[in-house]
Structures are given as C-alpha cells and as structure tokens.
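Below is one structure, written out as structure tokens; the observations come after it.
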Amino acid sequence: MVSARPLARSFFARDPRQVARSLLGKVLVRGAGTRLRVGRIVEVEAYLGAADAAAHAAAGETTRNAVLFGPPGHAYVYLSYGLHYCLNVSCMPSGDAGCVLFRALEPVAGIKQMARSREIELAAADVRDPQILRRLASGPARLCQALEITRPRDNGGDMTAPKSGLWIGDDGFRAENIVTALRVGITKSAELPLRYYLAGNEFVSRR
DNA sequence: GAGGAGATCGTCT
DNA sequence: GACGATCTCCTCT
C-alpha cells in the first residue's frame, strides 16, 4: 500500500491549467482505513469558468454547478447523458469558477473492488492483465463507476480531507513528459488545448 | 479496428 | 422540450 499525504487547499487555488498539470501523477483515493481504492491520475482536462464556453460554469451559477463557485478543492459531480457521473475538482483562478475534470486513472490499489463496481468478472490471474486493467478507469464515467462516485454521495465533498472519503494525495511520484491536447467530446471552445496526459501511459482514454 | 446507434434523465430554455 | 465534458454493444470491413 502506498502512503500519500493530502494536498493543501492552496494547491487548488490556482489557474485550472496549472492545477491540471500538477495533478498528473497524484493519486485519487476513495474510502478510509484498510479498504482503500487508489488510482494514479494520468489524464485530466481544464475548464476555465466564465471565459470557457465549454465549461458548466460559463452560463453563471445555478443549483447544479454551485460547487464550482465555492472554495477550491471540492468535488463537483454531475450526471452526463442521463447515465454516467463525471468527477471534477473546483479551482479558483482569481475568483473565477474553474475546475479540472478527471478523465483517466491507472489502478494502484483496491483493483478487485474496482472491477466489482464496474461489473467486470475478474479472476485472480486477470489482476495484472493490461487489457482488463485498462477498462477499469480509463474514461471519466468509468473512473466514477470504479470508485463508486455519485452526485448524491460526493458532490461538494472536500478533496483535501481524507475524512471525506474522496481525496487527492501525493505519494512522491513525479510526472514527466506531459502531453497537451484538445479536449474530448465537446463542441464549444473545442479548439482550446486544455487536455493533459502522461506521455506513453497505457491508461489514457484516448491518444 | 472503425464507425454508428441506443440508453436515459437532470438541467436549462 | 431539447440536449449533453459517455459507454457499450453490434455490424461491417
């Protein structure tokens, strides 16, 4: 089991582009005690708030996106296409409602639990099968399924506090060779290069 | 391996 | 009443 320390709130009180790059290589931790599920963050996207037409915050504050307008470092979870949840963390560039979307994780611990949540049959021999591991959390909706992240349960939670049950930690891993690319699945402001991932990483959702 | 369609519902117009 | 920051399955090549 890795030991990780939570990130400070000030980490998130920056421009979402800086936060996004800095988050690569950190670990997303679900749960408490010994039943932890841990994934390394390998792919994220930045959303800039009012200046970014693709951002949920662009049209102003509503009950849905209220978390984005609150303090940085909190979880913003929303339902996409009526089926899937997606996880963001709020940032605060000069009072604006920016955020970072988590797009893919590399499973580190609690792999069998993740598979169960994803309804993937996993024999002991499969735990190291890269084909199967890749299906666990490579995609924003998949990682929410794998960690059982939902809006009723996790929206607004404090991602700097382990006691919230969903937090981000630094285990000493240092990201190198970060690739910048276009964001996935949006139509507005699609030309902005705000997606970041670890070069050559197997668990990135799209290359 | 690539491409297309369907699933499904909260939120905003 | 329309529309998604998606995933999976199916078909075709």
Side-chain angles (χ1 to χ4, degrees), chain A residues 12 15-17 19-21 23-24 28 39 41-70 72 74-91 93 96-107 114-122 126 129-157 159 166 168 179-197 202-207:
Chain A
F12 299 98
D15 186 294
R17 285 164 288 204
V19 176
R21 296 180 69 94
L23 279 175
L24 290 175
L28 182 62
I41 301 164
V42 300
E43 180 184 359
V44 293
E45 285 177 2
Y47 287 84
L48 305 182
D52 180 1
H56 285 181
E61 182 173 352
T62 65
T63 51
R64 180 202 196 193
N65 65 20
V67 172
L68 297 177
F69 292 82
H74 286 258
Y76 168 53
V77 183
Y78 69 92
L79 186 64
S80 173
Y81 293 89
L83 306 167
H84 305 297
Y85 288 108
C86 295
L87 171 67
N88 303 251
V89 62
S90 60
C91 307
D96 209 346
C99 66
V100 173
L101 169 72
F102 295 84
R103 284 198 55 90
L105 302 178
E106 174 176 345
M114 292 187 200
R116 207 172 302 136
S117 298
R118 293 266 299 125
E119 298 183 342
I120 294 173
E121 293 299 322
L122 191 59
D126 298 332
D129 182 337
Q131 297 273 12
I132 292 189
L133 284 180
R134 215 172 295 139
R135 290 179 52 205
L136 288 182
S138 294
R142 288 175 172 179
L143 74 88
C144 284
Q145 261 187 34
L147 300 187
E148 296 189 12
I149 295 166
T150 67
R151 178 171 172 91
R153 181 172 170 181
D154 295 299
N155 190 55
M159 300 193 78
L166 183 65
I168 302 166
V179 178
T180 303
L182 297 178
R183 292 180 291 187
V184 173
I186 57 172
T187 52
K188 303 169 191 164
S189 297
E191 73 285 359
L192 298 177
L194 296 178
R195 176 170 165 249
Y196 308 95
Y197 61 87
E202 290 280 307
F203 298 90
V204 170
S205 66
R206 298 203 204 175
R207 310 267 182 125

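Reminder, nothing fancy here: chain letters follow the sequence lines and each chain counts from 1. As the structure is a prediction and not an experimental result, all values here were calculated from the model.
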S80(A): partners by side chain to side chain donor-acceptor pair (under 3.5 Å), with sequence neighbours left out
none
Residues in side-chain contact (heavy atoms from CB on, under 4.5 Å) with Q131(A), at least two apart?
D129(A), R134(A)
The side-chain contact (heavy atoms from CB on, under 4.5 Å) partners of I168(A) (sequence neighbours excluded) come to L7(A), F12(A), L23(A), K26(A), L28(A), I41(A), F102(A), M159(A)
For E61(A) and H84(A), find the nucleotide of DNA chain B closest to each by heavy atoms; which residue's nucleotide sits nearer the 5' end?
H84(A)
Anything under 4.0 Å to a heavy atom of chain A counts; send over the first and last such nucleotide of DNA chain C, read 5' to 3'.
dG4(C) to dT8(C)
Atom CZ of R17(A) and atom CG of L192(A): how far apart are they, to the nearest 0.5 Å?
8.5 Å
Measure the spacing between CG of L194(A) and CG of L182(A) and express it to the nearest 0.5 Å.
9.0 Å
Pairing string, 5' to 3', for DNA chain B - Watson-Crick or wobble contacts under 3.5 Å, brackets [ ] where pairs cross, | to another strand
|||||||.||||.
N/O-N/O pairs, protein side and nucleotides 8-10 of chain B side, under 3.5 Å:
{"unit_1": "dT8(B)", "atom_1": "O2", "unit_2": "Y81(A)", "atom_2": "O", "d": "2.5"}

Taking CD from E119(A) and P from dA7(B), how many angstroms apart are they, rounded to a whole number?
18 Å
Show me the pairs that pass salt bridge (charged side-chain N to carboxylate O under 4.0 Å, His left out) and involve residues 42-57 of chain A, at least two apart or across chains.
E43(A)-R103(A), E43(A)-R195(A), E45(A)-R103(A), D52(A)-R183(A)
Between G185(A) and R142(A), the residue closer to the 5' end of DNA chain C by nearest nucleotide is G185(A)
To the closest 0.5 Å, what do you measure between SG (C86(A)) and OH (Y81(A))?
9.5 Å
With sugar-phosphate meaning primed atoms plus P, OP1 and OP2, does T62(A) contact a base, only sugar-phosphate, or nothing at under 4.0 Å between heavy atoms?
sugar-phosphate
Looking only at heavy atoms, which two atoms of A115(A) and L136(A) are closest? And how far apart?
CA-CD2, 3.6 Å
Sorted by number, residues from residues 45-54 of chain A placing a heavy atom under 4.0 Å from DNA chain B are none
Indicate every side-chain donor-acceptor pair of residues 139-146 of chain A with a distance under 3.5 Å to a residue at least two apart or in another chain.
{"unit_1": "R142(A)", "atom_1": "NH1", "unit_2": "S138(A)", "atom_2": "O", "d": "3.3"}
{"unit_1": "Q145(A)", "atom_1": "OE1", "unit_2": "R118(A)", "atom_2": "NH1", "d": "2.7"}

Can you check the N65(A) CG to dC12(B) P distance for me, whole Å?
7 Å
With A20(A) via side-chain contact (heavy atoms from CB on, under 4.5 Å) - residues at least two apart
V44(A), A46(A), V100(A), Y196(A)
Partners of R64(A) by side-chain contact (heavy atoms from CB on, under 4.5 Å), sequence neighbours excluded?
H56(A), T62(A), Y76(A), Y78(A), R151(A)
Touch class at under 4.0 angstrom, heavy-atom based, for R118(A) against every strand present:
sugar-phosphate
Nearest-nucleotide comparison on DNA chain C, the residue closer to the 5′ end among Q145(A) and V184(A):
V184(A)
Could you list the residues that satisfy side chain to side chain donor-acceptor pair (under 3.5 Å) with D154(A), not counting sequence neighbours?
R30(A)
Spacing of L87(A) atom CG and L147(A) atom CG [to the nearest 0.5 Å]:
8.5 Å
